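Report on the following structure.
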Amino acid sequence: MRIFNSMTRQKEALTPLEPNHFKIYVCGPTVYDYFHIGNARPFVVYDTLRRYLLWLGYEVTYVQNFTDIDDKVIQRAQAEGITTAELAERMIKEYYHDADSLNIMRADIHPRATESIDDIIALISTLMDKGFAYTAEDGVYFSIEQDPNYGRLSGRNIDDLMEGASERTSYSDDKRHPFDFVLWKFKREGEPYWPSPWGEGRPGWHIECSAMGMAHLGETIDLHCGGVDLTFPHHENEIAQSECATGKTFVRYWMHNGFVNIDQRKMSKSLGNFFTVRELSKHYPYDVIRFFILQAHYRMPINFSDELLDAAVASWQRINSSIDLLTFSAKAAPETAPGEDETLFEEAVTRYLAEWQDAMDDDLNTADALAAIFELVRAANTAVASGRVSKKALLNARDALIGRLDVLGLKPRTDQKAAIPQRILDLVDERTEAKKNRDFARADAIRDEVLTNGYKIEDTPQGARVIPVDA
RNA sequence: GGCACCAUAGCCAAGUGGUAAGGCAGAGGUCUGCAAAACCUCUAUUCUCCGGUUCAAAUCCGGAUGGUGCCUCCA
């Protein structure tokens, strides 16, 4: 598999440091609110990466943190009159609700900043000992001038930063350099704090990811993933503090996903143009949201609108419909089918599955992978219509389809459907009888009645087929 | 101001040197008692524009235009 490494800005062969075992760290949510669709993208994308690596036979250790202490958590907790721990606990529960619904696998480890204070303090101590950190009035800072490699990931040097900063950065505090960043914030009135060798306080934002990543995955991590907006300063700072502490490469492959936009503008909480996944799920099912995200390559920006979601509903329906059709028609399909249709179909299935894998291998191109899925769908629908393809071939195709969708974290609707009530099945039989007697008025009336009850009847060469109408 | 990214049909979106995937929407047809679903055909002589390299460019190089992002809240 090849992956675009943000550090080198090119696609590279992806290999684990430790044989057959990938160690992945994904920047997780700050738990002060429900997460929005823009936050959901990395969770879905890297979950898909994880599933694919597992499918390829690798062992994967997947870590995704919860930032449960920072300014926003404190602010929100104060506004609600509860403790930060209470707020975090609640929002983590809500995170799991949405993430589980999006079929995002739980990480092997979900470390929390407040439970990793010892690791954080140990890391800062090392940086202090080695002369990369210093104490200022309001906290402990990392000195970027001590790091000759600073700026490598984001492609900027300290001079570039100064130029950008000249109009926006205040030089008023007592940091040695305006871009020095805080490792440990000394406590302020009314805020939670922990003891440390430098005084009571709480961790800075960047340090927690380094500390938790290294604590659970070792000093060198295979993959570190997150949104492009984290490239600078968050990931840049993580590299600086981690590598200065250990002298080793912190991360071998950096992956950054593109934004979710609204009206061509970045979706963000500060712009106020966001939809939480929870809110959106009231209008569109979770599987459609996931499908929508995977329809584009992960590094491209995606725009977001009802029209695009509606199109995704229809596309996803096409796939589900084909799976249902395969299951249904396999029942009446011949046991063996020695003809050309059978051979051509099996060849087509093999070809499209190969295309699917090629796409996934090429920098997790889920858009292309889904195109292969659609090709497979068309071949399957054609095979079904021909009636000259064996039961075995149809079921093999169906299972392959379901299997590949599962790697994408997409569950076919069939699996989620309840059994069709006997009452409905009786009506369908009654309609078939009416049709046989050419009593079409009666047949149509029954079809309408069934539809009113939430089920659709479709006539096929193999007989009438009943499917629930999706809400 | 500095550093990046993006521009492909009505809409969405793959494609990084060999002659434009896939989905949605639309039109026509087949099947059907009628539907639905499905299938077939059609819908970009062309990839924002202008130069250049090459036998060959949506793909590489240079420039222009438009849009977006980052530059100590951010996925």
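Just so we're on the same page: letters track the sequence lines, and every chain starts at 1. If you're wondering where the values come from, they're calculated on a predicted model, not measured in any experiment.
A:Arg41 comes within 4.0 angstrom of nothing in the nucleic acid, heavy atoms only. In this structure, A:Val182 reaches neither bases nor backbone, as no heavy-atom distance under 4.0 Å exists between it and the strands shown. At the heavy-atom level, A:Phe43 lies nowhere under 4.0 Å from the strands shown. Within the 4.0 angstrom heavy-atom criterion, base atoms lie near A:Lys266. A:Gly38 comes within contact range of at least one nucleobase, with a heavy-atom separation under 4.0 Å. Base contact: A:Ala371 has a heavy atom under 4.0 Å from a base atom.
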- prompt: What is the per-nucleotide protein-contact pattern of nucleotides 12-20 of chain B, from the 5' end, where B denotes a base atom under 4.0 Å from a protein heavy atom, S denotes such proximity for sugar-phosphate atoms only, and - denotes neither?
  reply: SSSS-----
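Interface residues of residues 222-236 of chain A facing RNA chain B, ordered by number: A:Gly226, A:Gly227, A:Asp229, A:Leu230, A:Phe232; criterion, heavy-atom separation under 4.0 Å.
For A:Asp429, the side chain to side chain donor-acceptor pair (under 3.5 Å) criterion is met by no residue, not counting sequence neighbours. For the side chain to side chain donor-acceptor pair (under 3.5 Å) test, no residue two or more places apart in sequence or in another chain qualifies with A:Arg152.
Here A:Tyr96 and A:Phe66 bring their ring centres to under 6.0 angstrom of each other.
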Could you list the protein-to-nucleotides 33-35 of chain B atom pairs, N/O on both sides, closer than 3.5 Å?
residue, atom, partner, partner atom, Å
B:G33, N1, A:Asp444, OD1, 2.9
B:G33, N2, A:Asp444, OD2, 2.7
B:C34, O2, A:Arg447, NH2, 2.8
B:C34, N3, A:Arg447, NH1, 3.0
B:C34, N3, A:Arg447, NH2, 3.3
B:C34, N4, A:Asp459, OD2, 3.2
B:A35, N1, A:Asp459, N, 3.3
B:A35, N3, A:Arg447, NH1, 3.0

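In this structure, A:Asn39 reaches the B:A75 phosphate: one of its side-chain N or O atoms is under 4.0 Å from OP1 or OP2.
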query: How would RNA chain B look in dot-bracket form, 5' to 3', counting Watson-Crick and G-U wobble pairs with both distances under 3.5 Å and writing | for bases paired to another strand?
result: (((((((..(((.....[...))).(((((.......))))).....(((((..]....))))))))))))....
